[in-house]
2 protein chains.
Amino acid sequence: MATSRRGKLQFGNLLLNGHLALPPAQRSATVRAMAVERSRSFRRALGLLEALGTDDVVAAGGCGVNELATLTGMDKSQASRLLATMADAGYVDRDARTRRYRLGWQVFALAARSGDQRLLSAAGPVLVRLVREIGESSHLSVLRGTAVLTLLTESPSRAVQAVSWVGRLAPATSTSSGRALLLDHDRGQLAAMFGSERWPAATAKSPRDVDDLAERITLARAAGYARVEEESEPGLVAVAAPVRDAAGRIVAAVNLSAPRFRLGRRLARAGVAVAAAAADLTAALGRPAPAMMEEAFA
Amino acid sequence: MATSRRGKLQFGNLLLNGHLALPPAQRSATVRAMAVERSRSFRRALGLLEALGTDDVVAAGGCGVNELATLTGMDKSQASRLLATMADAGYVDRDARTRRYRLGWQVFALAARSGDQRLLSAAGPVLVRLVREIGESSHLSVLRGTAVLTLLTESPSRAVQAVSWVGRLAPATSTSSGRALLLDHDRGQLAAMFGSERWPAATAKSPRDVDDLAERITLARAAGYARVEEESEPGLVAVAAPVRDAAGRIVAAVNLSAPRFRLGRRLARAGVAVAAAAADLTAALGRPAPAMMEEAFA
DNA sequence: AACAGCGTTGCCGAGGAGGCAACAGTGTAT
DNA sequence: ATACACTGTTGCCTCCTCGGCAACGCTGTT
């Protein structure tokens with residue numbers, strides 16, 4: 001659980017606009033100190049949405065007004081009003097029976113047009129092939145701020161996870177995908193992003209500071225893939241490689257992860273496979289986009 | 001292009017909060033008439049997001065502040081400020097070079113936790129099989145208000161569409177998926193949803209009024225699948241069947257659509273296949289959810 | 001019946017929304 | 001090089017929405 005500038009809860013879940021949860025007294029003090037608060041109500045509404053995207057809420061199948069209000073630290077009246085307008089617009093759905101709110105389909109509709117659709121559609125088949133080759137689950141991720149956002153998961157059909165990693169943030173410093181995404185960053189850039197003091201370590205093997213991180217990234221650069229063993233979670237190993245756009249900039253990472261006892265021995269092979277998959281994806285992005293074709297629907 | 005209550009543009013694209021585009025004078029008059037305007041800034045922000053989700057904007061690869069302001073009918077200063085906060089939160093991305101805004105990954109992250117993830121993950125393989133069997137593209141849709149929202153597309157790899165149907169709304173009355181979703185509605189419910197007067201027809205074959213619709217739905221009920229020929233677009237035929245939850249309620253629809261010259265002759269066979277796929281999906285949803293399993297990520 | 005908890009609504013002061021206009025950058029025509 | 005058109009940002013100031021408080025209606029429990 002690292003907290004970044006402005007005190008947002010960053011990892012383990014979606015972003016929560018941090019200081020909104022402060023009691024009114026402290027909050028207004030904070031506000032007076034740092035200029036003015038911009039788009040207050042809008043940010044609160046986003047806070048509600050993000051709270052509804054929390055694992056526990058999703059798992060519980062929704063959340064009531066009061067609960068949401070306390071979660072986001074605002075008055076229940078405001079929560080009620082904001083949720084009503086969001087429901088009107090379709091961004092939240094309300095269960096007719098339990099009167100609890102869930103994220104609505106409109107969010108889904110928006111998402112289908114967000115981000116880089118070319119990347120997503122090109123990545124699907126690549127991940128499938130990779131998973132078939134190695135037999136472990138694979139992810140596509142991008143860098144968002146200082147965190148890694150997972151966009152796509154593909155797993156050997158061994159189990160369907162109820163709440164997938166898709167849409168979640170993970171620390172960039174101690175994950176294979178994060179290292180791959182940072183492959184082109186030098187020590188200076190890393191220091192600017194993560195600060196130069198010592199970091200709280202997720203496990204004993206996690207990098208402790210910038211030098212530590214830079215060193216491991218150098219190794220990854222040499223190998224062509226990043227390799228992480230039990231740095232974010234004990235017993236877990238992973239490899240990842242960067243995907244580049246036509247201009248050569250790193251835009252995404254492909255990884256493979258599994259328990260050490262299953263993948264440990266084949267880690268080098270997995271690394272090569274992941275690098276090859278990332279190269280495939282890079283090649284796919286390098287080509288001009290396929291002709292626009294409006295697919296029929298009736 | 002049907003306009004529903006409160007004058008929102010409903011079909012052909014994402015919802016746009018209609019009257020915000022009015023000039024200030026008229027708007028304030030309207031507002032004074034109908035109580036107070038709730039969550040004004042928030043709705044404006046949503047308007048911006050939805051504008052960014054417009055086909056033309058997505059196809060153009062983003063949109064500038066000025067253009068967005070005129071699109072949503074607000075002052076560019078406000079647009080600039082709202083976009084800035086949205087960029088902070090990750091809901092929009094700004095191209096560093098062109099300075100144009102696009103929908104950000106945070107929207108994607110939220111969406112990954114919205115809707116019924118069980119439905120989506122179960123539907124993927126079913127659609128793939130269906131597409132492989134018939135060789136035409138297939139969609140999964142749900143009912144949202146009086147419109148059909150497409151959640152998933154699977155097409156034979158013949159072409160990758162740049163902007164897919166996913167996330168778009170289509171009229172329920174003249175699409176196969178819509179009919180399938182309305183399969184359990186009787187004439188009274190249909191009248192309540194769509195009104196009893198005559199409707200504007202998309203094509204010559206579209207249903208004209210409730211009786212017309214109810215009759216076609218009865219036929220679909222008898223056949224086990226809905227069949228639509230050139231009702232939403234000339235030259236296009238489609239079949240669809242309803243997916244039910246454990247309680248037997250219709251929650252989604254699976255369809256197949258293609259140009260008449262490719263699918264016309266096999267339409268009955270396609271209907272049976274679609275019904276079978278929908279039944280498979282229904283069966284999958286009937287089973288208790290697979291044990292929650294947190295998939296590892298590193 | 002009394003109670004506890006949830007969600008909605010009215011009220012009203014304070015602070016953010018948002019229109020206007022000046023300003024700063026950038027690419028294009030003169 | 002100058003002027004121009006256009007873009008996006010920022011300051012200012014009014015007005016209206018925000019949002020805290022509290023009362024209310026409702027439902028389920030003790």
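Labels below follow one simple rule: chain letters A, B, ... track the order of the sequence lines, proteins then strands, and each chain is numbered from 1. Excluded from the calculations below are hydrogen atoms, water molecules and symmetry mates; all remaining heavy atoms, backbone and side chain alike, are included. Remember, predicted model here, so these are calculated numbers, not experimental data.
- Considering only side-chain N and O atoms, S80(A) lies nowhere under 4.0 angstrom from the phosphate OP1 or OP2 of dG7(C).
- Closest of all the heavy-atom pairs between L120(B) and L152(B) is O-CD2, 4.0 Å.
- A salt bridge links D184(A) to R244(A): at least one charged side-chain nitrogen sits closer than 4.0 Å to a carboxylate oxygen.
- For the pair N66(A) CG and dG20(D) C1', the computed distance is 15 Å after rounding to whole Å.
- Following rounding to the nearest Å, K76(B) (NZ) and dT7(D) (P) show an atom-to-atom distance of 8 Å.
- The distance from atom CZ of R97(A) to atom P of dG28(D) is 11 Å, rounded to the nearest whole Å.
- Nucleotide dG10(C) holds its P atom 16 Å from the CG atom of D75(A), rounded to whole Å.
- Atom CZ of F42(A) and atom C1' of dC18(D) are 16 Å apart (whole Å).
- Side-chain nitrogen and oxygen atoms of R40(B) include at least one within less than 4.0 Å of the OP1 or OP2 phosphate oxygen of dG18(C).
- With DNA chain C read from its 5' end, the first of the two nearest nucleotides for Y101(A) and S39(A) is the one closest to Y101(A).
- Looking at DNA chain C, the stems built from 3 or more consecutive Watson-Crick or G-U wobble pairs, each pair with its key distances under 3.5 Å, are C:1-26 with D:5-30.
- Contact annotation for S77(B): base contact, defined as any heavy-atom pair under 4.0 Å involving a base atom.
- Taking atom CZ of R99(B) as the reference point, atom P of dG27(C) lies 11 Å away to the nearest angstrom.
- At the heavy-atom level, R100(B) lies nowhere under 4.0 Å from the strands shown.
- Of the side-chain N and O atoms in R94(B), one or more sit less than 4.0 angstrom from OP1 or OP2 of dT9(D).
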Under the criterion side-chain contact (heavy atoms from CB on, under 4.5 Å), I'd like the reasoning laid out for T282(A) against D245(A): C-alpha separation, chi angles, the key distance, then a yes or no.
CA-CA 6 Å; T282(A) 298; D245(A) 66 8; over 6 Å; no

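- One donor-acceptor pair, N or O on each side, does fall under 3.5 Å between the base of dG11(D) and the side chain of R81(B).
- One atom, CE of M86(A), and another, P of dC18(D), lie 13 Å apart when rounded to the nearest Å.
- Between the side chains of D75(B) and S77(B), at least one donor N or O sits under 3.5 Å from an acceptor N or O.
- For dG20(D), the OP1/OP2 oxygens have a side-chain nitrogen or oxygen of R44(A) closer than 4.0 Å.
- For T72(B) (side chain) and L68(B) (main-chain N/O), a donor-acceptor pair under 3.5 Å exists by modelled atom type.
- Comment: R43(A) does not engage D88(B) in a salt bridge, judged by the lack of any side-chain N to carboxylate O separation of less than 4.0 angstrom.
- In this structure, Q78(A) atom CD and dT8(C) atom P are separated by 13 Å, rounded to whole Å.
- Between the side chain of D95(A) and the backbone N or O of R99(A) there is no donor-acceptor pair closer than 3.5 Å.
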